[in-house]
Amino acid sequence: MNICVYCSSSNAVAPAYFDAARTLGQRIAHRGDTLVYGGADVGLMGALAQAVKIGGGTVIGVMPTVLQEKRIVFTDADELVTTRDMRERKAVMESRADAFVALPGGFGTLEELSEILTLRQIGVHTKPIVLLNTEGYYAPLIALFEHFYQQQFAHPWRDMYYLAHEVDDVFRYLESYAPAPAPRKWDGPGEKS
Ligand code: AMP
């Protein structure tokens, strides 16, 4: 399975986040899966990719030229795909992946996760999406999602993503995943008067 991981490029985050990234990388390698990710050697991205390679696994990095010039490329990747820009990069990551996992991250991670959720919501893909909730990091985002549902800005389709509490949970979910059709977004009580 090709697993696309979105995660932080920050080197300053707490050790628990790095531990989770390394554990995920070790498991990807051990299972014989392939990591598809942003191709950088910084932050959780670097820790994850290094762990996959140390475990004997395969890494596909996908990077736009603009970031490659910053010399932060993970040079041990088995394949480095160069894209024109960040948008093309997301499309390549999406098309090369069988599943998506978001580790804790900032704006870049949120943007990638948000797009992949939006595409799932409108039925463009039916691949599994997992948020790894290390240290409860994603609790405020899940609370925002609940606000969307409560205010009827989104259909309350909570199975669209899976909130994993540890790395083992991620793989249990991926192994048992059976794609459900996206509910029609606008089915519901209708416009309020
Ligand atoms: P952030 O969460 O803001 O640190 O952004 C990380 C996410 O955005 C990753 O999943 C990457 O795909 C992408 N990204 C952002 N910054 C970089 C970078 N310097 N190098 C490579 N990818 C990056």
Side-chain angles (χ1 to χ4, degrees), residues 1-29 33-53 57-120 125 127-142 144-145 161-164 167 170 174:
M1 179 183 267
N2 281 7
I3 301 181
C4 176
V5 180
Y6 306 131
C7 63
S8 175
S9 57
S10 171
N11 286 320
V13 302
Y17 301 120
F18 281 94
D19 290 346
R22 282 189 210 100
T23 304
L24 181 68
Q26 283 159 6
R27 290 294 307 276
I28 287 174
D33 293 327
T34 292
L35 171 68
V36 177
Y37 87 118
D41 198 13
V42 289
L44 302 188
M45 302 173 78
L48 169 73
Q50 286 162 22
V52 175
K53 287 312 298 173
T58 305
V59 172
I60 301 173
V62 187
M63 251 212 187
T65 21
V66 64
L67 288 180
Q68 284 193 20
E69 283 154 17
K70 291 191 176 168
R71 298 172 204 279
I72 51 163
V73 180
F74 179 65
T75 49
D76 286 342
D78 298 272
E79 183 181 345
L80 183 65
V81 182
T82 303
T83 63
R84 269 191 317 276
D85 53 31
M86 296 289 274
R87 288 184 176 140
E88 189 192 12
R89 192 235 314 238
K90 277 190 299 173
V92 171
M93 288 166 82
E94 183 207 331
S95 70
R96 299 285 300 260
D98 303 302
F100 305 93
V101 178
L103 298 188
F107 290 114
T109 303
L110 183 62
E111 195 242 351
E112 293 167 333
L113 173 64
S114 183
E115 177 170 300
I116 217 65
L117 287 169
T118 305
L119 295 176
R120 179 71 178 101
H125 74 84
K127 299 170 188 175
I129 302 169
V130 181
L131 283 73
L132 184 57
N133 197 26
T134 307
E135 304 282 297
Y137 181 78
Y138 277 120
L141 186 65
I142 298 300
L144 179 64
F145 291 173
Y161 54 85
Y162 177 71
L163 190 66
V167 170
V170 173
L174 295 184

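In each ligand, atom 1 is the first atom listed, and ligand 1 is the first ligand listed. We count residues from 1, following the sequence as given. The figures here come from the full heavy-atom set of this structure, side chains too, leaving out hydrogens, waters and symmetry mates.
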Participant: Report, in ascending order of atom number, the atoms of ligand 1 lying under 4.0 Å from any heavy atom of Gly105.
Facilitator: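 So the answer, numbered in order with elements, is 2 (O).
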Participant: Can you pull out the closest protein heavy atom to atom 16 (N) of ligand 1? Residue, atom name and distance to 0.1 Å, please.
Facilitator: Ser9 OG, 3.8 Å
Participant: Taking the minimum heavy-atom distance to atom 6 (C) of ligand 1, which of Cys7, Cys4, Pro104 ranks first?
Facilitator: Cys7
Participant: Can you classify the ring geometry of Phe100 versus Tyr6 as parallel (below 30°), tilted (30 to 60°) or perpendicular (above 60°)?
Facilitator: parallel
Participant: Does a salt bridge link Asp78 with Lys53, judged by any charged N lying under 4.0 Å from a carboxylate O?
Facilitator: yes
Participant: Donor-acceptor pair, distance only, cut-off 3.5 Å: does the side chain of Arg96 make one with the backbone of Asn2?
Facilitator: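 Pair absent, no side-chain N/O of Arg96 close to backbone of Asn2.
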Participant: Just to confirm my output: which protein heavy-atom neighbour is closest to atom 5 (O) of ligand 1, and how far is it?
Facilitator: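 Scanning the protein heavy atoms, the shortest distance from atom 5 (O) of ligand 1 goes to Gly108 CA, 3.3 Å.
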Participant: List every atom of ligand 1 that sits less than 4.0 Å from any heavy atom of Gly106, numbering the atoms from 1 in the order shown and giving each element.
Facilitator: 1 (P), 2 (O), 3 (O)
Participant: Ignoring hydrogens and angles, tell me if any N or O in the side chain of Lys127 forms a donor-acceptor pair with the backbone of Ile116 under 3.5 Å.
Facilitator: no
Participant: Report yes or no: does Arg22 contribute a side-chain atom to a donor-acceptor pair with the main-chain N or O of Ala51 at less than 3.5 Å?
Facilitator: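 It does not hold such a pair.
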Participant: To check your reading of the model: name the closest protein heavy atom to atom 19 (N) of ligand 1, its residue, and the distance in Å.
Facilitator: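 Of the protein heavy atoms, Ile72 CD1, 3.2 Å lies nearest.
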Participant: Find all atoms of ligand 1 within a distance of less than 4.0 Å from any non-hydrogen atom belonging to Ala40, and give their numbers and elements.
Facilitator: 20 (N), 21 (C)
Participant: Report, in ascending order of atom number, the atoms of ligand 1 lying under 4.0 Å from any heavy atom of Gly38.
Facilitator: 12 (O), 21 (C)
Participant: Does some non-hydrogen atom of Gly39 fall short of 4.0 Å from ligand 1?
Facilitator: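 Judged by the 4.0 Å heavy-atom criterion, Gly39 does not count as contacting ligand 1.
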Participant: Between the side chain of Tyr37 and the main-chain N/O of Met93, is any donor-acceptor distance below 3.5 Å?
Facilitator: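 Not at all, since once roles are kept as given, no pair shorter than 3.5 Å links the two residues.
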Participant: With heavy atoms under 4.0 Å as the rule, classify the contact between Val42 and ligand 1 as side chain, backbone, both or neither.
Facilitator: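 It is neither part, as no heavy atom is under 4.0 Å.
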Participant: Does a donor on one side chain sit under 3.5 Å from an acceptor on the other, for Gln50 and Asp41?
Facilitator: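 Yes, Asp41 and Gln50 have a side-chain donor paired with an acceptor closer than 3.5 Å.
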Participant: Quick one: which ligand 1 atoms are inside 4.0 Å of a heavy atom on Phe107?
Facilitator: 3 (O)
Participant: Test Leu35 against every option in Ile3, Ile60, Val5, Leu24 by the side-chain contact (heavy atoms from CB on, under 4.5 Å) rule and name the one that passes.
Facilitator: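 Exactly one option meets the side-chain contact (heavy atoms from CB on, under 4.5 Å) with Leu35, and it is Val5.
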Participant: Considering heavy atoms of the protein only, find what lies nearest to atom 17 (C) of ligand 1 and give residue, atom and distance to 0.1 Å.
Facilitator: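 Of the protein heavy atoms, Leu67 CD1, 3.8 Å lies nearest.
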Participant: Would you mind telling me if ligand 1 is within reach of the side chain of Glu112, the backbone, both or neither, using heavy atoms under 4.0 Å?
Facilitator: side chain
Participant: Does Asp98 use its side chain to pair, donor to acceptor, with the backbone of Met1 at less than 3.5 Å?
Facilitator: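 Answer holds: no.
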Participant: Measuring from non-hydrogen atoms of Arg89 to any atom of ligand 1, is the shortest distance under 4.0 Å?
Facilitator: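 Contact check Arg89 vs ligand 1: positive.
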